[in-house]
Each structure stands twice: as structure tokens, then as C-alpha cells.
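The next block holds one structure in the form of C-alpha cells; read it before the comments.
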Amino acid sequence: MCRGTTAAFPSSAFGEGGAMRKILTQQPKVSWLAVTVILLPWMCYEVHNQLSKSAMVFSLRKFTNDPALIGFITSLNFACGLLTGSIGSLVSDRIWTRYGRRRPFLVIGFLAAGVISLFLPHISFLWGFAASVLVYQLAFHLVHPFEPLTMEVIPPAQRGRAGAIRQWIQSGFFVFFFYVLIGQFDRTYALPGGFTFTGETLIYVINSLILIGAAALLWWCVEEVKPPGAEALRLGEVQIWSLLKGLFSRELLPLFGLGYVVMNLWVGLEQFEPLLVTDQWGYSKAEYGEIMSYGMLIALTVVPLGGWASDKFDRLVLLKIGLAVVLGLKAFFYIYAEYIAPNALPPFHMVILLGLIRGAVAKIMIVAAVPLLFDYVSTNRLGTLSCGLAIVFGLVNFVQANSMGLWISFSSGWLYGLPEGRYNYMAAYHYLFIMGLIGIGYLYLFAHWEKTGFVKRRPKTVPAAPVRSETESTEQVDAK
């Protein structure tokens, strides 16, 4: 169990008797143990994302094979990010409670989503499953203030290498999800007493346990220190519309466009990739899991290179290089799979090889470039920035999922001449190419703005903040 704080976490990771002290925000330097612990809940994001993109897709395939309908239901993940996610991040900049300003959202969101996840695999009709997915996603996206919380714990000078640690954590659980879990989806396990347990249920139960564990970690092992100049409204005093208007500031608007650019480093076929591999190419779910896992394993080995480069070189230059390389690799994969591979069916070893290359390059560039988004704002605006980015990511992903689904449904017959009920999921790459070209154009515009002083980066060092313990709460306002 974590103890109360009597000294800053950086100086010593453990208190008397080996109990770990609570992690504090607003410190000028933190230990790498503290960095690792505060980043552990990113495992929840990874498992949740892959659950939403693959396990939920396979669950939906029990009810329908329509790409447009599958795209719509799975896009609820992104729509909820626009609703609870963006508003939660924004409100967390303005309030202060005895438990901090970010932690209440995180604990409630992780805990509620964990409980709901237990029931999802037991729903046996389409719209009941869709409605339950909506409630689950609404609950999960309350945890959007988690990234601002991590940025308040980790000083700017350590964020590049912290990004590498985050990628290790997420990548490790990515491999666990695909190599261990997804291949078990169709299996049935016999339990004592004549009960059965499916691999599908196992995936949702593990997701639930990880979410509840994250809620416990943040509740007992993290404490927020009130920064100078922080607002301290009661929750009932927060005016959502006036806060939303604060998003349209000269400081933040350019960064939302930069968020769109950064998305190109990781965005792919998303929920249509499992259908491409299993339905179109004919590989099993276990083979699909192997394809995804091997690419991430090689990516894990190059993550430190991205963290080192992020702290060593100009992050904007790294983003330019990364975007060009990632877009080029997408174009090469599309041409090979559609026009070079025999019968447009890439051999298993080639799918793995190309996945290894794409995964490694993308991972290096994500680690190196993503911290750039937080280099332009103060800590008191991180929640507002996170809110805006949640809106951008959610809107782009929502449009992408539905546009891809509709385009796949339409183009499969009109462009590829396939009979009704058969689909060419590679058509979704057309959307990715357009998205990437727009991103390149905006990135060069942003670089021009920085050169002319329209946008300015903040220094990588931060002044020391006073350390407060939970007992020093006289200036804190309790949200009731």
C-alpha cells in the first residue's frame, strides 16, 4: 500500500518498511520508478483500444457482416471520446477537490468501465450489444484527463524517455492481447460443475480486471499538488459552454491541427484490419494475432531510440521525417498487397515482414514526435489541450470509421466488381492516403507559423513547486 508523502518522490522511491510513497504532481524532477508507475494505466488504454478495434468487431460478426454497420457501432468509441472524454478533460482544468482535479474522473471512469465490461460478452442480440457498448464507451472516456495527469507528474525534460516507457507498457500489452488472447476468441473451456467459459468472455474479463486495477492504483498511490494559478471552482459552478469557448484560443487552435498531423503516425485500417486478415485473406484469428504481435515485438526493441531522439533533436523536424516515411510505407504496402502479391493475397511471411517494418518505424516516430504536442502550453492548460485533442481525435476517427465502412461497401461492387456480401477492405487505404497528404500540408504550415513566432514552444525546465500532503487541504475546494 502506498503511504502518505513526507518528502518528494524523486529523492527516494520508498518510505520506511519498503512502502512506496505516493506520487506527486508538479515536481521539477521525478524518479524513473515514479514515471513507470504513473504510466502503468496506459495498459488499460491499449487493451481497451484493441478490444474496441478487434474483439468487438468479432463479437459483432456474430450478428452482421455489413462494413457500414460494423463501422458505425465501433465508431461509438470515438463519439464518446467527443462527449465524456473532451468535457472531462476540460472541466478537470477548472475544478479542485480534496482528491485533486484529475483523479476523480479517472477513478470513476476506470471503475465503471471495468464493471460494465463483465457483461458485454453475454448479450445475445445486435442492438442490445450496441447499446451496452455505448454505455461502456461513455464510462471509459471519463478517463481522458489521465494524460494531463501524467504530464503534471513528468517534467518536460523527461517526457521523451517517459514516452519510450509508455510505449513499452502499451506495446507489451498489445502483444499480450494479440498473441495470447485474440487467438482464444472462438475457444470454449469446460469448468467444474458443467459450466463453460469462452475465449471471448476471457478477453472482456481481463479487460475488466485491468481497468479496476488502474482505478485502485490511482486512488491509493497518486496525489495531486495544487499548482500556482490553478482555478478552484466547485463542480456545480463550472459552465461547460464558456469553457468550450476557451478552446478557440490563438494558443490552442494550431495545436489541434498538429494533433491531426500526429494521428497519421498510427492510424491504419483500425476495426477493418481484422476483417481484412480473417475474412478477405482467409487467415485464422490466431494467425491474425501473430501478425499483429510480431510487428509490435520488433517495435519494442526500437522504442528507446525514439525516446532518445525526442529529447536530443528538434521534435518538429522528427515529425516531418516520420510522417513522410510512414505515408510512404503505407503506399508500398497497398501496392504490394493489391497489385504484386499473387491473387491479391500476401503470403503469411510477407504480411509479417512488412508489418515488422511498418511497426518499427511508426513506433520510433510516435515516441519521438508525440511529446511535441505538449511543448507549447503551460500545465494549467494541459486539460484544455487534452480536451481539444480528444475532440480532434474523436471526430477524425468517427468520420474515418464511418467513411471507410461506407466506401468499402460502395467500392467493393462499383470499383472492384465483387458480388453482394463480399468486400475489399483494402479500399480503406484510399482514405488514409488523402488523410496523410492533408497532414503533410498542414505540418509545413505549422512550421512556418513557428518560424514567424505565431506559435511558441515553452522551455523544457520547470520551476519547483511546493510539496503538499493530503492533510494540507485548507486551500482546497471540495466539489459537491
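Worth knowing before you read on, the calculation uses all heavy atoms, side chains too, and leaves out hydrogens, waters and symmetry mates. What you are looking at is a predicted structure, and each value in this text was computed from that prediction instead of being measured. Numbers for residues simply follow the sequence, beginning at 1.
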Q. Should the heavy atoms of other residues, nucleotides or ligands under 6.0 Å from OH of Tyr179 be counted, would the total exceed 12?
A. no
Q.
So, using side-chain hydrogen bond (donor to acceptor under 3.5 Å, both in side chains) as the criterion, who are the partners of Glu147 when residues are at least two apart?
A. Arg166
Q: Indicate the atoms forming the closest heavy-atom contact of Cys80 with Leu134, along with that distance.
A: SG-CD1, 3.6 Å
Q.
A quick test of your reading: do over 12 heavy atoms of other residues, nucleotides or ligands sit less than 6.0 Å from CZ of Phe197?
A. yes
Q: With sequence neighbours excluded, give me every side chain to side chain donor-acceptor pair (under 3.5 Å) pair touching residues 111-123.
A: Ser117-Asn207
Q: For residues Met435 and Tyr260, determine if any side-chain heavy atom of one lies less than 4.5 Å from a side-chain heavy atom of the other.
A: yes
Q: Evaluate the criterion ring-ring contact (aromatic ring centres under 6.0 Å, His included) for residue pair Phe433 and Tyr334; output intermediate values, then yes/no.
A: CA-CA 10 Å; Phe433 297 145; Tyr334 174 80; 5.5 Å; yes
Q. Would you call Glu270 and Lys53 a salt bridge, using N to O less than 4.0 angstrom?
A. yes
Q) Between Gln27 (side chain) and Thr25 (backbone), is there a donor-acceptor pair under 3.5 Å? A) yes
Q) So do Leu149 and Glu224 actually touch side chain to side chain, heavy atoms under 4.5 Å? A) yes
Result block: side-chain N/O donor-acceptor pairs under 3.5 angstrom for residues 336-354, not counting sequence neighbours:
unit_1 : atom_1 : unit_2 : atom_2 : d
Glu338 : OE2    : Asn424 : ND2    : 3.3

Q) Is the Phe333 ring parallel, tilted or perpendicular to the Tyr429 ring (thresholds 30°, 60°)? A) tilted
Q: Give the minimum heavy-atom separation between Val30 and Val153, together with the two atoms involved.
A: CG1-O, 3.3 Å
Q: Heavy atoms only: give me the nearest Gly388-Phe256 pair and the separation to one decimal.
A: CA-CE2, 3.3 Å
(Q) Would you say Glu273 and Tyr425 are linked by a side-chain donor-acceptor pair, where the criterion is simply a distance under 3.5 Å? (A) no
Q. Does a donor on one side chain sit under 3.5 Å from an acceptor on the other, for Thr74 and Gln271?
A. yes
(Q) Atom CZ of residue position Phe332 - does it have more than 12 heavy atoms of other residues, nucleotides or ligands inside 6.0 Å? (A) no
Q. With Phe393, which of Phe398, Trp266, Phe78 fulfils ring-ring contact (aromatic ring centres under 6.0 Å, His included)?
A. Trp266
Q. Do Val133 and Phe129 have side-chain heavy atoms sitting under 4.5 Å apart?
A. yes
Q) With Asn65, which residues qualify under side chain to side chain contact (heavy atoms under 4.5 Å, CB included), at least two apart? A) Arg61, Tyr423
Q: With the side chain counted from C-beta on, respond yes when Thr84 and Phe105 share a heavy-atom pair under 4.5 Å apart, and no when they do not.
A: no
Q) Looking at side-chain heavy atoms only, is the closest gap between Phe110 and Leu218 below 4.5 Å? A) yes
Q) So, for Phe185 and Phe58, is the gap between ring centers shorter than 6.0 Å? A) yes
Q: Answer whether the closest heavy-atom distance between the side chains of Phe146 and Arg102 falls below 4.5 Å.
A: no
**Q.** Under 3.5 Å donor-acceptor, Gln50 side chain and Ile182 backbone
**A.** no
Q: Rounded to the nearest 0.5 Å, what's the gap from CD1 on Ile70 to OG on Ser75? Could you check?
A: 12.0 Å
(Q) When you compare the side chain of Thr150 with that of Arg159, does any pair of heavy atoms fall below 4.5 Å? (A) no
Q. Should we count CZ of Phe72 as having more than 12 external heavy atoms under 6.0 Å?
A. no
Q: Sequence neighbours left out, what passes side chain to side chain contact (heavy atoms under 4.5 Å, CB included) with Ser52? Give chain and number order.
A: His48, Met56, Asn77, Gln137
**Q.** Ring centroid separation Tyr99 to Trp219 under 6.0 Å
**A.** yes
Q: Specify whether Phe173 and Phe176 have parallel, tilted or perpendicular ring planes, treating 30° as the upper limit for parallel and 60° as the lower limit for perpendicular.
A: perpendicular
Q. Which pairs, with at least one residue in residues 192-201 and sequence neighbours excluded, count as a side chain to side chain donor-acceptor pair (under 3.5 Å)?
A. Ser59-Glu200, Lys62-Glu200, Thr198-Thr201
Q) Where do Ala68 and Leu406 come nearest, in terms of heavy atoms and distance? A) CB-CD2, 3.9 Å
Q) Is there a side-chain contact between Trp32 and Arg161 (heavy atoms, below 4.5 Å)? A) yes
